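Fair warning: this is a prediction, and the values are worked out from it, not measured in the lab. Lettering of chains follows the sequences in order, A, B, ..., and the numbering in each one begins at 1.
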2 protein chains.
Amino acid sequence: MIPPVKHLPANERRAVTVETVIKLAAERNPSDITTAAIAERMGLTQGAVFRHFPNKDAILQAVIEWVAERLLFLVDKAARAAPSPLAALEAMFMAHVNFIIEHPGIPRILFGELQHAGETIPKRIAQTLTHRYRERLHRLIERGKTNKELDANLDREAAAFLFIGMIQGLVMQSLLANDVGRILHDAPRVFAIFRQGIRNTQ
Amino acid sequence: MIPPVKHLPANERRAVTVETVIKLAAERNPSDITTAAIAERMGLTQGAVFRHFPNKDAILQAVIEWVAERLLFLVDKAARAAPSPLAALEAMFMAHVNFIIEHPGIPRILFGELQHAGETIPKRIAQTLTHRYRERLHRLIERGKTNKELDANLDREAAAFLFIGMIQGLVMQSLLANDVGRILHDAPRVFAIFRQGIRNTQ
DNA sequence: ATAAAGATAGTAATTGATTACTATCTTTAT
DNA sequence: ATAAAGATAGTAATCAATTACTATCTTTAT
């Protein structure tokens with residue numbers, strides 16, 4: 001527990017706010033994270049939050065922007081360190097999974113935002129994120145094909161789709177079971193089936 | 001649009017209420033489906049809703065019970081009609097996907113409920129549902145192994161897990177893209193990779 | 001050098017809107 | 001006739017947002 005620090009510069013206060021929201025989301029339904037709760041956790045009064053964000057939506061937007069940036073960074077780092085395209089896919093998968101385990105509130109916030117009908121700003125940011133994410137997957141899959149590691153006839157889009165779906169499935173199951181740790185247990189086993197589904201069987 | 005019918009017997013009114021909530025969830029964030037909105041859609045006043053349910057949670061609970069019962073029924077029917085275990089898995093998959101396309105509000109309601117921290121009654125019902133669902137998958141997978149259709153060394157639990165995760169992934173992507181129709185387009189392609197991952201390659 | 005002026009961060013109290021829920025009266029189907 | 005279904009008119013609680021005010025730095029003019 002970080003001792004409440006007051007009179008932070010505005011940009012630091014905004015960063016701490018984002019951090020606080022992510023922590024709160026790990027403990028409760030994101031839709032009942034009130035501005036009062038955010039303030040209390042930071043050791044401020046409710047009104048002070050609105051000195052740094054014009055409204056509540058702007059807070060959520062900042063959270064999602066942070067997540068998008070951070071996740072792509074971690075996933076890229078993991079992929080770069082891997083010796084082959086297939087190994088890079090697995091490294092990306094595990095990096096993503098570990099990111100979620102470290103910040104279990106994040107998928108809850110994202111799922112909550114996706115619930116909103118129609119286009120919203122957070123949804124646009126999430127769309128851009130998945131677009132960039134898919135680009136990386138497509139690139140690795142094509143390299144795996146030329147590498148003969150992956151099946152030459154593999155449906156690139158379906159594979160990228162399944163990759164992301166696996167992670168979302170792992171998260172949903174962990175929410176249902178109230179047990180984040182099980183993600184770490186199930187992830188490699190699920191990836192093993194995926195690997196069998198995409199690899200070159202010649 | 002069903003013309004509002006008044007003075008329904010209590011059990012029919014409860015059924016209509018469940019139906020109405022599912023329809024509303026297809027149009028908006030489940031967390032802002034108010035009792036007033038439910039009543040308005042049925043052509044009743046808000047107070048009248050509480051003649052049939054003790055509180056709002058009881059409505060949600062009834063919705064989730066209906067979903068659990070209906071989904072298992074449809075999935076069982078599809079599996080029974082299939083000629084082999086692997087075909088039954090695919091039939092289950094497509095039956096589930098079609099159920100969601102017909103009622104796009106359902107996954108949103110379920111996801112919303114899973115967001116709540118700790119144990120809630122709807123969560124318990126959803127846990128029972130996935131437990132029964134997994135039992136059916138395990139049974140089919142074992143039959144596929146003895147049948148030589150599936151890989152004898154296949155990790156049964158991981159496969160069942162991936163099966164459910166694929167559907168959840170399809171739903172998340174369709175929420176993100178604001179396009180339910182794309183589920184129908186992507187489902188068979190994703191299943192093809194899964195099939196390749198579980199089948200007997202001897 | 002230093003006092004005045006202004007910027008920055010936060011407080012405390014309030015407001016208006018929303019929403020689940022309730023008590024009591026009225027209508028309708030059998 | 002009467003019991004079930006619904007209408008009406010509330011209440012109490014919650015919550016995002018606003019606002020007047022304070023304390024503490026930082027800059028600037030003399």
Between dA3(D) (P) and L8(B) (CG): distance, integer Å: 21 Å

Length of the line joining D57(A):CG and dA17(D):C1', which is rounded to integer Å: 13 Å

Atom-pair distance (CZ on F50(A); P on dA13(C)), nearest Å: 18 Å

Nearest to side-chain heavy atoms of P9(A), which nucleotide of dA29(C), dA16(D), dA9(C): dA9(C)

R124(A): which of E65(A), E119(A), E113(A) passes salt bridge (Lys or Arg N to Asp or Glu O under 4.0 Å): E119(A)

Nearest-angstrom distance from the residue atom CD1 of I59(A) to C1' of dC15(D): 13 Å

Sidechain N-carboxylate O distance under 4.0 Å for E102(A), R70(A): no

Candidates L140(B), I198(B), N200(B) - the one meeting side chain to side chain contact (heavy atoms under 4.5 Å, CB included) with L150(B): I198(B)

Nearest-Å distance for atom pair CD1/P, residues I38(B) and dC21(C): 11 Å

Check: dC15(D) base within 3.5 Å donor-acceptor of Q46(A) side chain: no

Separation of dA29(C) P from H7(B) NE2 (nearest whole Å): 6 Å

Sugar-phosphate only, base, or nothing, as touched by T34(B) at under 4.0 Å among non-hydrogen atoms: sugar-phosphate

R13(B) vs dA4(D): side-chain N/O to OP1/OP2 distance below 4.0 Å: no

Short side-chain to backbone donor-acceptor contact, R108(B) and P30(B), under 3.5 Å: no

Heavy-atom check, side chain of L137(A) versus side chain of M92(A), under 4.5 Å: yes

Residues E142(A), K145(A); criterion salt bridge (charged side-chain N to carboxylate O under 4.0 Å, His left out); working and verdict: CA-CA 5 Å; E142(A) 288 308 320; K145(A) 282 182 182 178; 3.6 Å; yes

Rounded distance in Å - NE2 (H52(B)) to P (dA7(D)): 10 Å

Range-with-range stems of DNA chain C (Watson-Crick or G-U pairs under 3.5 Å, three or more in a row): C:1-30 with D:1-30

Of A48(A) and T35(B), the one whose closest DNA chain C nucleotide lies more 5': A48(A)

Rounded distance in Å - CE (M42(B)) to P (dG6(D)): 8 Å

Salt-bridge present (K23(B), E19(B); N to O < 4.0 Å): yes

Earlier contact from the 5' end, DNA chain D, for S31(A) and R51(A): S31(A)

